[in-house]
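Report on the structure given below.
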Amino acid sequence: MISVEAPAKLTLSLAITGVREDGYHLIDAEMVSLTICDDIVIEEAATTSINVVGKFAQGVPTDNSNLVARALHLLNRHAEVRIEKNIPHGGGLGGGSSDAAAVLRWAGYSDYVAASRLGADIPFCMHGGRAHVTGIGEILEPLPHVAREITLVVPPFGVSTPAVYKAFDSLHAQHDGPNDLEPAAIAVEPRLAQWRDRIREASGQFPVLAGSGATWWLDGAHPRIHEALSEATVVVTHTRSS
């Protein structure tokens with residue numbers, strides 16, 4: 001039995017550069033690991049079981065659709081896995097991908113190409129730190145660590161990543177910000193725009209959407225926004241070197 005950490009992932013910038021013939025989207029992104037982590041206990045077993053506990057456990061599947069179960073299937077191994085969810089579920093912070101990546105690291109697995117077929121964020125989560133990410137997520141160029149304080153604002157709803165990419169393909173919307181998916185995410189979930197405006201008013205800073213949402217992030221600490229956005233989960237975290 002061993003305990004491992006699964007750090008949250010934040011996509012600082014995301015450009016969609018094309019679509020492969022198999023339907024996978026090509027990206028050009030900068031990603032960083034954060035100090036907020038899921039805590040995972042893994043014990044090899046005859047069969048696989050997944051137990052999810054913690055503040056953000058609600059809604060996380062424990063069947064074979066869970067990325068941890070899929071990672072174990074890729075490894076052709078079984079384990080009893082306990083996941084304490086400290087990363088908000090469905091917020092675009094790569095919690096499920098990082099959980100799966102932790103299991104792959106536990107097994108000494110390093111095939112980024114195969115891992116990317118489970119989820120585009122998994123190779124980065126296996127690598128950690130800070131990286132320039134291209135391809136469908138399997139090509140990583142390590143970048144030097146830059147210490148940053150980050151405020152995450154997680155609205156009380158999630159956004160479907162497949163739905164956002166589908167909307168992106170149909171909208172062909174131009175966007176000047178750092179995240180090409182933002183217009184598509186707002187089209188799928190219009191409440192995101194309301195939250196963007198509320199965060200901007202409360203902080204005095206334009207927030208950036210994390211991946212396909214629903215989390216918005218800001219540079220620095222913004223302690224005053226907790227009261228103004230009381231129904232959201234607000235987390236102040238830092239970038240992590242590995």
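When a residue number appears, it is its place in the shown sequence, counting from 1.
- Both L104 and V4 are assigned to one and the same hydrophobic cluster, defined by single-linkage of ILVMFWY side chains at heavy-atom distances under 4.5 Å.
- Panel note: side chain T215, backbone G91; a donor-acceptor pair is recorded below 3.5 Å.
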Residues D99, L67; criterion side-chain contact (heavy atoms from CB on, under 4.5 Å); working and verdict: CA-CA 7 Å; D99 295 345; L67 283 173; over 6 Å; no
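- When side chains are defined from C-beta on, R196 counts as touching E182, because their heavy atoms get closer than 4.5 Å.
- For the atom pair CZ (R77) and CH2 (W106), the distance works out to 4.0 Å, reported to the nearest 0.5 Å.
- Taking the six-membered ring where tryptophan is involved, the planes of Y165 and H25 are tilted, since the angle between them lies from 30° to 60°.
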Candidate pair L34 and L152, rule side-chain contact (heavy atoms from CB on, under 4.5 Å), full reasoning: CA-CA 11 Å; L34 301 176; L152 307 173; 4.1 Å; yes
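- Between the side chain of R20 and the backbone N or O of G135, no donor-acceptor pair lies under 3.5 Å.
- In this structure, D169 places its CG atom where more than 12 heavy-atom neighbours from other residues, nucleotides or ligands lie under 6.0 Å away.
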V81 vs L72, side-chain contact (heavy atoms from CB on, under 4.5 Å): CA-CA, chis, key distance, verdict: CA-CA 10 Å; V81 183; L72 286 167; 4.2 Å; yes
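- The two residues C37 and I87 make their nearest non-hydrogen contact at C-CG1, 4.0 Å.
- Using modelled atom types, one side-chain atom of Q205 and one backbone atom of D219 make a donor-acceptor pair closer than 3.5 Å.
- Under a 4.0 Å N-O distance rule, the pair R200/D197 qualifies as a salt bridge.
- Atoms OG1 and CD1, from T17 and I27 in turn, are 8.0 Å apart once rounded to the nearest 0.5 Å.
- Heavy-atom neighbours of D63 CG from other residues, nucleotides or ligands within 6.0 Å: above the threshold of 12.
- Between W195 and L229, the closest side-chain pair of non-hydrogen atoms falls below 4.5 Å.
- Side chains of H78 and T48: a donor on one and an acceptor on the other come within 3.5 Å.
- In this structure the side chain of E5 reaches within 4.5 angstrom of the side chain of R240, judged on heavy atoms.
- More than 12 heavy atoms of other residues, nucleotides or ligands sit less than 6.0 Å from atom CD of E231.
- By the 4.5 Å heavy-atom criterion applied to side chains, V133 and P123 are not counted as neighbours.
- Put simply, CD on E189 and OG on S212 are 12.0 Å apart, with the number rounded to the nearest 0.5 Å.
- Taking the side chain as every heavy atom from C-beta outward, V103 and L75 approach each other to under 4.5 Å.
- Residue M1 holds its CE atom at 12.5 Å from CD of E44, rounded to the nearest 0.5 Å.
- Using a distance-only test at 3.5 Å, with no hydrogens or angles considered, no donor-acceptor pair links the side chain of D39 to the main chain of E84.
- Under the 4.5 Å side-chain contact rule for hydrophobic residues, V41 and I50 do not share a cluster.
- By the 4.5 Å heavy-atom criterion applied to side chains, D28 and H132 are counted as neighbours.
- Judged purely by atom type and a 3.5 angstrom limit, H89 uses its side chain to pair as donor or acceptor with the backbone of G59.
- Taking all atoms of both residues into account, the shortest heavy-atom contact from A214 to L192 is O-CD2, 3.7 Å.
- Going from atom CD of E141 over to atom OG1 of T134 covers 8.0 Å, rounded to the nearest 0.5 Å.
- V159 and L171 fall into different hydrophobic clusters, where Ile, Leu, Val, Met, Phe, Trp and Tyr side chains are chained together by heavy-atom contacts under 4.5 Å.
- Shown here is F206, whose CZ atom has no more than 12 heavy atoms of other residues, nucleotides or ligands within 6.0 Å.
- Side-chain atoms of N86 never come within 3.5 Å of backbone atoms of D38 as a donor-acceptor pair (strictly under, hydrogens ignored).
- Side chain of S116 to backbone of V113: a donor-acceptor contact under 3.5 angstrom is found.
- Distance alone, capped at 3.5 Å, is enough to place a donor-acceptor pair between the S203 side chain and the I199 backbone.
- At least one donor-acceptor pair under 3.5 Å links the side chain of T35 to the backbone N or O of H238.
- Minimum interatomic distance between C125 and G94 (heavy atoms only, all atoms of both residues): SG-O, 4.3 Å.
- Using a 4.5 Å heavy-atom cutoff, the side chains of F56 and T233 are in contact.
- The number of heavy-atom neighbours closer than 6.0 Å to NE2 of H73, taken from other residues, nucleotides and ligands shown, is 12 or below.
- Atoms OG1 and CD1, from T62 and I83 in turn, are 9.5 Å apart once rounded to the nearest 0.5 Å.
- Shown here are the side-chain hydrogen bond (donor to acceptor under 3.5 Å, both in side chains) partners of T239, two or more places apart in sequence or in another chain: there are none.
- Of the possible donor and acceptor atoms, one in the side chain of S98 sits under 3.5 Å from a partner among the backbone N and O of P7.
- When all heavy atoms are compared, the tightest approach of G211 to N179 is O-ND2, 2.7 Å.
- Transitive grouping of hydrophobic side chains (ILVMFWY, heavy atoms separated by less than 4.5 Å) brings L140 and I122 into a common cluster.
- When side chains are defined from C-beta on, V188 does not count as touching S160, because their heavy atoms never get closer than 4.5 Å.
- Residue A210 comes nearest to L93 through the heavy atom pair CB-CD2, 4.3 Å, listed as atom of the first residue, atom of the second, then distance.
- Hydrophobic clustering places F124 together with Y112 (ILVMFWY residues linked when any side-chain heavy atoms are closer than 4.5 Å, directly or through intermediates).
- In plain terms, the two heavy atoms of A100 and V68 that are nearest each other are N-CG2, 3.9 Å.
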